[in-house]
2 protein chains.
Amino acid sequence: MENKLTDCDHRHNPKLKGLRMTRQRCAVYQVLMAHRDHPTAGEVYDRAKHSMPTISLATVYNCLEALVQHGAVRQVNFERESSRYCPNLTEHGHFHDEKSGTIIDVPLKKGIHLSDLLELPAGAQIDNLEITLRGKIIHQPSLTTHP
Amino acid sequence: MENKLTDCDHRHNPKLKGLRMTRQRCAVYQVLMAHRDHPTAGEVYDRAKHSMPTISLATVYNCLEALVQHGAVRQVNFERESSRYCPNLTEHGHFHDEKSGTIIDVPLKKGIHLSDLLELPAGAQIDNLEITLRGKIIHQPSLTTHP
DNA sequence: ATTGCACATTAGAATCATTCCAAATTTAGA
DNA sequence: TCTAAATTTGGAATGATTCTAATGTGCAAT
Ligand SMILES: [Mn+2]
Ligand SMILES: [Mn+2]
Ligand SMILES: [Zn+2]
Ligand SMILES: [Zn+2]
C-alpha cells in the first residue's frame with residue numbers, strides 16, 4: 001500500500017482535524033493505516049523507520065499516545081503484554097488466536113445494547129468498553145464434497 | 001471476616017483440591033476471600049503480612065499465579081495498570097469507576113450467548129473472555145420524596 | 001511416624017515496556 | 001516572517017513482574 005500524502009492532511013482526513021500534524025505523526029499514522037493489523041509500539045517503530053530512519057522510539061510512543069487521545073486509533077491490551085494499536089474505529093472486540101499469535105477484530109452485532117448483556121451498576125456512565133477473547137481457531141472439516 | 005482454617009483445607013474447599021497447600025498460599029487465598037474486592041499483588045502482600053509478617057512479595061506473586069492457574073481466583077487487567085485479583089468465580093466483567101477508583105463486578109445476564117453479541121471468527125474456540133468497562137457513576141436524584 | 005524428594009519460598013538481581021527529562025527543533029497562527 | 005507553544009530526541013529513570021539459586025517444606029509412600 002502506497003503512502004498517500006493526503007492521509008495526514010487535515011483537509012482530506014477529518015479524523016486528524018485539530019491534531020497538530022508533524023512528519024513523525026504522519027509516518028506513525030500511515031504505518032497503522034497501511035497494514036490494518038495490531039502492531040506493538042516496537043513494531044510500529046520498526047515499520048516507521050523504513051520511511052523515516054531517524055524517528056525515535058520515544059517519539060513513536062508520543063505519537064501513538066496523541067493519536068489515541070485524539071480518537072484516531074485505538075489502544076488494545078491483552079493481559080500484561082505490550083500494548084497494541086488498532087486503526088479500526090468501528091465498535092469491535094479482539095480475539096487473540098493462541099496458535100498463530102494473530103489478533104482478529106470481532107465486530108459487535110448491530111443493535112446490541114450493553115444493558116442486554118450485563119447487569120450494569122446503577123447510574124453507570126460507560127466511557128469505554130473493551131472485549132477481549134483468547135482461544136484457538138479449530139479447522140472445521142469442509143462440508144462441501146470434491147467430486 | 002474471620003480467618004477460617006477450613007478455607008484452605010482440601011476436605012472442606014473443593015476449589016483448592018489438587019493444589020499443594022502451603023501456609024503462604026493459604027494466607028494469600030484468605031486475603032482474597034476476606035474482602036472480595038480486587039487488590040493488586042502489592043495490596044495482597046500488605047494484607048497478607050498482617051497474618052504472616054515474613055511472607056515475601058515474590059511468594060505472593062507465586063501464590064497468586066498458582067491460584068489463578070488452578071482456577072481458584074481470577075486475574076483482572078485494566079489497560080497497563082498492575083494486575084488485580086478477583087475471588088468471584090461467576091461469569092462477570094469489571095467496571096472501573098474513574099471517580100472512586102473502585103472496581104465493581106458486572107454480572108453477565110443469564111442465558112446470553114457470545115454469538116448473540118459478537119460476529120465470532122469461524123471455528124473460534126473461546127478459552128477466555130474478558131469484559132472491561134471504564135466510566136463514572138452518575139448520582140441520580142432520588143425519585144422518592146421526603147415529606 | 002519417618003523419610004525422600006519434587007515442589008515451594010525467599011531475597012535480591014534482572015528484565016523490559018513505558019515514562020520522564022531537558023535541550024534542540026519544529027509547527028502553525030498572528 | 002516572527003514567536004510562543006508544542007514536539008522531538010537520546011538517554012536515564014521507573015516500576016511491575018520475573019528470574020535465580022540457595023534453603024525449606026508438603027505430602028505420598030513406606
Ligand atoms: Mn500470543
Ligand atoms: Mn483508576
Ligand atoms: Zn482492532
Ligand atoms: Zn471480579
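For the numbers below, each heavy atom of this structure counts, side chains included, while hydrogens, waters and symmetry mates do not. We name chains A, B, ... by the order of the sequence lines, and we start the count at 1 in each one.
- dG10(D) atom P lies 7 Å from atom OH of Tyr45(A), rounded to whole Å.
- Comment: Arg11(B) engages Asp9(B) in a salt bridge, judged by a side-chain N to carboxylate O separation of less than 4.0 angstrom.
- Distance Met52(A) CE to dT7(D) P: 15 Å, rounded to the nearest Å.
- Between Asn62(B) and Thr59(B), the side chains place no donor N or O within less than 3.5 Å of an acceptor N or O (distance only, hydrogens not considered).
- Ser83(B) comes within contact range of the sugar-phosphate backbone alone, with a heavy-atom separation under 4.0 Å but no base atom that close.
- For the pairing with Tyr85(B), the side chain to side chain contact (heavy atoms under 4.5 Å, CB included) check across Val31(B), Leu64(B), Val28(B) returns one residue only, Leu64(B).
- For His92(A) and His94(A), the distance between ring centers is under 6.0 angstrom.
- As a whole-Å value, the separation of His10(B) NE2 from dG26(D) C1' is 10 Å.
- Thr59(A) comes within contact range of at least one nucleobase, with a heavy-atom separation under 4.0 Å.
- Between the C1' atom of dT7(D) and the CE atom of Met21(A) lies a distance of 12 Å, rounded to the nearest Å.
- Within the structure, a side-chain polar atom (N or O) of Arg25(B) is placed less than 4.0 Å from OP1 or OP2 of dA8(C).
- Contact between the side-chain N/O atoms of Arg80(A) and the OP1/OP2 oxygens of dA17(C) is not found at any separation under 4.0 Å.
- Among the protein residues, Thr22(B) comes within range of the sugar-phosphate backbone only, with heavy atoms under 4.0 Å from sugar or phosphate atoms but none that close to a base.
- dT26(C) atom P lies 7 Å from atom CZ of Arg23(A), rounded to whole Å.
- Comparing dT9(D), dT19(C), dA6(D) by their closest approach to the side chain of Tyr61(A) singles out dT19(C).
- For Arg47(A) and Asp37(A), the salt-bridge test passes: some basic side-chain N is under 4.0 Å from an acidic carboxylate O.
- Looking at the side chain of Ile55(A), the nearest of the listed nucleotides dT18(C), dT8(D), dT9(D) is dT9(D).
- Nucleotide dG12(C) holds its P atom 13 Å from the CG atom of Leu57(B), rounded to whole Å.
- Phosphate contact (OP1/OP2 of dT10(C), side-chain N/O of Ser56(B), threshold under 4.0 Å): present.
- Map Ala58(B) and Asn62(A) each onto its nearest nucleotide of DNA chain D; the residue landing nearer the 5' end is Asn62(A).
- OP1 or OP2 of dT10(C) lies within a sub-4.0 Å distance of a side-chain N or O belonging to Gln24(B).
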